**Student:** 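Mind looking over this structure? Questions follow.
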Amino acid sequence: MNSPSTNNSLGKLLLALVVIAIIGFLGFAILTMPDNRTTGERIGDAVDALPQGVGKAAEQLEDRTPGEKLGDAVEDAGEKIKDNTQN
């Protein structure tokens, strides 16, 4: 027969697993949401990105999920760190 503390710890473990699964699902759903920007917003974003280069501006015109945008931001931060440490 299981003791009350065993049932309690098993319940906590199951609750933790459910919470982790929900957080993972929500994170996945948010990072893969479709790009709902209007054409005007895309053009505005592209114009804002022109100082960073034509390639960066062209990226703003494409359909990009929040996950792709996050990946680009991480890549840009890595490039900036690399440039700053080489000087």
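For clarity, every value in this text was computed on a predicted model and none was experimentally measured.
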**Student:** List, by chain and then residue number, the residues other than L50 in its hydrophobic cluster (Ile/Leu/Val/Met/Phe/Trp/Tyr, side-chain heavy atoms under 4.5 Å); write none if there are no others.
**Tutor:**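 Joined to L50, directly or through intermediates: none.
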
**Student:** Enumerate donor-acceptor pairs with a distance under 3.5 Å from any side-chain N or O in residues 18-35 to protein atoms, sequence neighbours excluded.
**Tutor:**
residue : atom : partner : partner atom : Å
T32     : OG1  : F28     : O            : 2.8
D35     : OD1  : R37     : N            : 3.3
D35     : OD1  : R37     : NE           : 3.0
D35     : OD2  : R37     : NE           : 3.1
D35     : OD2  : R37     : NH2          : 2.9
D35     : OD2  : R64     : N            : 3.2

**Student:** State which residues pass salt bridge (Lys or Arg N to Asp or Glu O under 4.0 Å) with D48; sequence neighbours excluded, sorted by chain then number.
**Tutor:**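 None.
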
**Student:** Which atom pair, heavy atoms only, marks the closest approach of Q60 to A49?
**Tutor:**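 Scanning both residues, the minimum pair turns out to be CG-CB, 3.9 Å.
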
**Student:** Between K56 and D76, does at least one N-O distance fall below 4.0 Å, as a salt bridge requires?
**Tutor:**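 So K56 pairs with D76 through a salt bridge.
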
**Student:** Of all residues at least two apart in sequence or in a different chain, which pass the side-chain hydrogen bond (donor to acceptor under 3.5 Å, both in side chains) check with N36?
**Tutor:**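 With sequence neighbours excluded, N36 shows a side-chain hydrogen bond (donor to acceptor under 3.5 Å, both in side chains) to no residue whatsoever.
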
**Student:** If you round to the nearest 0.5 Å, how far is CD of E75 from CD of E68?
**Tutor:**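 Answer rounded to 0.5 Å: 12.0 Å.
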
**Student:** Go through it in stages, so that I can follow the logic: the residues are D63 and R42, the test is side chain to side chain contact (heavy atoms under 4.5 Å, CB included), and I'd like the CA-CA distance, side-chain angles, deciding distance and then a yes or no.
**Tutor:** CA-CA 9 Å; D63 279 341; R42 290 175 195 232; 2.5 Å; yes

**Student:** Who passes side-chain hydrogen bond (donor to acceptor under 3.5 Å, both in side chains) against K69, sequence neighbours left out?
**Tutor:**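 So K69 forms no side-chain hydrogen bond (donor to acceptor under 3.5 Å, both in side chains) with any residue.
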
**Student:** Which residues, ordered by chain and number, are linked to I43 in its hydrophobic cluster, where ILVMFWY side chains connect at heavy-atom gaps below 4.5 Å, directly or through other members?
**Tutor:**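 Its cluster partners, ordered by chain and number, are V47, L61.
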
**Student:** Give, for atom CG of L13 and atom CG of L17, the distance between the pair rounded to the nearest 0.5 Å.
**Tutor:**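 These two atoms lie 4.5 Å from each other.
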
